[in-house]
Participant: 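Submitted below is the structure of interest, expressed as structure tokens.
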Amino acid sequence: MSTNAELAAIFRETADLLDVLGERFKPEAYRRAARSIESLTEDLRAVAARDELRAIPGVGDAIAEKTREFLATGHVAYHDRLLKEVPPGLLEIVGLPGLGPKTARRFWTELAIEGPAELAAAIGAGRLTGVKGFGPKKIAQIRAALAARAASGPARRLPLEVAYPIATRLLAAVRGIPTVERAELAGSFRRAQETVGDLDLLVTSTRPEPVFDAFSELPEVRQVRLRGPTKETVLLDRDLQVDLRVVEPAAFGAALQYFTGSKDHNVTLRTLARDRGLKINEYGVFRGEERVAGRTEEEVYAALGLAWIPPELRVDRGEIAAAAHGPLPPLVTDPDLAGELHLHLSPRAPPAELAAALADAVARGYRYVGVVVAGTERDGTIFRLPPATLAAGPARAARTLEVHRVVEVGPGPPDPELAAVPCDYRLLRPVGPAPPGPPDGSVRGLVHLGFGEGGRPVAEGAAWIEAAARRHLAVEVGPGPERLDSNWARTAREAGASLSVPTGLGASGLDPTRPVALGFARRAGATPAEVANARPTAGLRGPSGR
DNA sequence: GCCGTTTTCGGCCCGACTGTTTTCAGTCG
């Protein structure tokens, strides 16, 4: 887990603890800070080093101090103290669906129940029967929640790349429902957050009932959790929760805006609306009783005097103030991509695989592809793409496509065998037994870094990025433990390094690589000019100008 | 605990849904 995610989790748990203790406003303050820190596009260490913790929305003196304490010691004493005050089992009760802090506190103070096991025992012994507020349905609901938790553990947030194929398939299925006019995914998925806790589907239809009926019957849907006139909540496999909302077409833009969030972005928007004598909610922008906007998002933002804001930037970090001054710089989009700098096939891949990937590149209108022809495996051994593979693919595509030969190298002194392989540029990758260090002078092109789990330790990130920026190298960003953690993407961009977006050449339509990488690059605020493979030629520059 | 063309105190988003309720409390997003 990244530093940011770790501290966010601590603050979130602090909020739960304060909730159970009956505290009134502090819990929301800690949650707001947790959300803010989680959605940061750079590492907390970098923010703290600039002494800018207080500039993070929701972080004041007290939370900034606790953040510094965490960065220095790895824990927060206040959090530790609260953990001693509240029985740990109560937090598990708060985490059960349908149960919150108020109920957990009542169990604790009125019934001396301190955890899920005791709760289950109390229900079994009939101790909840007749207690005010606990009717038969509520008790059955708690029993079911306890059983579900025992069976599958707490619900986990899914990495965006894992959620992508699930969400895409579900969206296609919903669009196939006859009475559905329009359907879009909203929420953290649309904002390209690193992980998603649930999926938000938004649909326009004049007849919600048949939509809910058909949705409930989809093969992916395992259980219907609740259903009202405008909203249905279901569970898929892996306990992934999906909220489906049906709105009228005249409110679609407002609803899409509202359910895309982020929560903090929306709070600031609402405040802005109020200051201008307007009211904004999921049904539109209103002046008194009159709806002045709602059909499209552009219309909603315009009614507030703002340019449209891309979902990936809706994090309440100054984007609203920027949009008040005019259109925001355009973020990189899929059609901007002009090539792939890092096509890495297995050494044992048949020649047809390279041919297929290059054909895909031609079909997409790409102008160049960098094919890895040799490199170092994880275990340190050298691999080379077979000559037959190399001969087959490029020849056919050569007329419309520049094919570059790429050699992957690890940090440290170059292996003599690899150094002898002719290539157009080298790609640096932290593989092999060599100790980590900044790229040496022989690297002319692309830095492909991994941070966090499975990659380089996060603490080294800043040094690598600085070295990459100084040498005009591009830094690859995208899903997976081997690629750049998206929290570093903004740091890399702001340091002056180009980003490189992996394009998933030759993969199926459900492959998450390209859309997720694009989302991360956009979340970092990258314009087409700042993305190396959005340039018309393989725009990699080394110290010698290549 | 945070925040401010409602700034140094007094507020703190709001609507949907459920269950247990004769009008509301708790949870959720």
Side-chain angles (χ1 to χ4, degrees), chain A residues 11 14-37 53-67 76 78-79 82 93-107 128-142 144-145 155 186-189 191 196-202 208 212 224-233 241-247 251 254-255 258-277 279-284 286 316 321:
Chain A
F11 283 158
T14 302
D16 287 344
L17 291 161
L18 290 166
D19 251 338
V20 174
L21 288 168
E23 199 75 48
R24 297 264 282 139
F25 295 105
K26 286 186 193 182
E28 208 31 53
Y30 277 98
R31 272 190 200 105
R32 166 131 203 259
R35 286 197 304 272
S36 243
I37 287 169
L53 289 175
R54 287 290 319 270
I56 299 171
V59 175
D61 285 330
I63 289 183
E65 186 50 45
K66 291 180 176 72
T67 301
V76 177
Y78 180 61
H79 172 245
L82 293 176
I93 290 181
V94 173
L96 293 171
L99 294 183
K102 299 265 169 54
T103 316
R105 184 173 169 76
R106 284 194 61 201
F107 287 148
L128 250 58
T129 315
V131 178
K132 186 169 156 45
F134 295 98
K137 281 193 176 175
K138 190 80 196 170
I139 292 176
Q141 186 192 66
I142 297 171
S188 51
F189 182 88
R191 299 200 315 276
V196 299
D198 61 11
L199 294 175
D200 295 285
L201 265 166
L202 200 62
F212 289 136
V224 176
R225 193 173 252 180
L226 54 87
R227 176 170 169 173
T230 65
K231 168 187 169 175
E232 176 170 355
T233 296
Q241 181 172 313
V242 184
D243 294 330
L244 176 73
R245 291 182 173 81
V246 179
V247 300
Y258 184 87
F259 292 112
T260 296
S262 69
K263 187 171 182 160
D264 296 316
H265 175 91
N266 286 356
V267 168
T268 300
L269 228 49
R270 255 196 300 275
T271 309
L272 186 72
R274 200 179 47 192
D275 292 348
R276 301 188 177 194
K279 193 180 93 167
I280 178 172
N281 57 27
E282 60 264 56
Y283 303 113
F286 296 85
D316 194 30

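In what follows, chains carry the letters A, B, and so on, assigned in the order in which the sequence lines appear, proteins first and then strands, with residues in each chain numbered from 1.
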Participant: Should Asp316(A) and Arg35(A) count as an ion pair when the cut-off is N to O under 4.0 Å?
Facilitator: no
Participant: Tabulate atom names and distances for all N/O pairs under 3.5 angstrom spanning the protein and nucleotides 3-11 of chain B.
Facilitator:
unit_1	atom_1	unit_2	atom_2	d
dC3(B)	OP1	Gly58(A)	N	2.8

Participant: Under 4.0 Å, heavy atoms only, any strand: does Phe259(A) hit a base, just the sugar-phosphate, or nothing?
Facilitator: nothing
Participant: Just call it for Arg227(A): base, sugar-phosphate, or nothing, with non-hydrogen atoms closer than 4.0 Å on any strand.
Facilitator: sugar-phosphate
Participant: Across all strands shown, which nucleotide pairs with dT8(B) by Watson-Crick or G-U wobble geometry, both distances under 3.5 Å?
Facilitator: none
Participant: Would you name the heavy atoms of Tyr283(A) and Ala251(A) that are closest together and state the gap between them?
Facilitator: O-CB, 3.7 Å
Participant: Can you tell me how far P in dT27(B) sits from the matching atom in dT20(B), rounded to whole Å?
Facilitator: 14 Å
Participant: Which nucleotide wins on minimum distance to the side chain of Asp198(A), given the candidates dG1(B), dG29(B), dG15(B)?
Facilitator: dG29(B)
Participant: In whole Å, measure the gap between the C1' atoms of dC2(B) and dT8(B) for me.
Facilitator: 13 Å
Participant: When we call it a touch if two heavy atoms are under 4.0 Å apart, what does Thr230(A) touch: a base, just sugar-phosphate, or nothing?
Facilitator: sugar-phosphate
Participant: Which nucleotide, dC14(B), dT20(B), dG29(B), lies nearest any side-chain atom of Arg270(A)?
Facilitator: dC14(B)
Participant: Base, sugar-phosphate or nothing for Lys263(A)? Non-hydrogen atoms, less than 4.0 Å.
Facilitator: base
Participant: Would you mind building the protein contact string for nucleotides 22-28 of chain B? One character per nucleotide, 5' to 3', B for base within reach (heavy atoms under 4.0 Å), S for sugar-phosphate only, - for untouched.
Facilitator: ----SSS
Participant: For Tyr258(A) and dC13(B), what is the distance between atoms OH and C1' respectively, to the nearest whole Å?
Facilitator: 7 Å
Participant: Distance check, P atoms only: dC14(B) and dC9(B), in whole angstrom units.
Facilitator: 26 Å
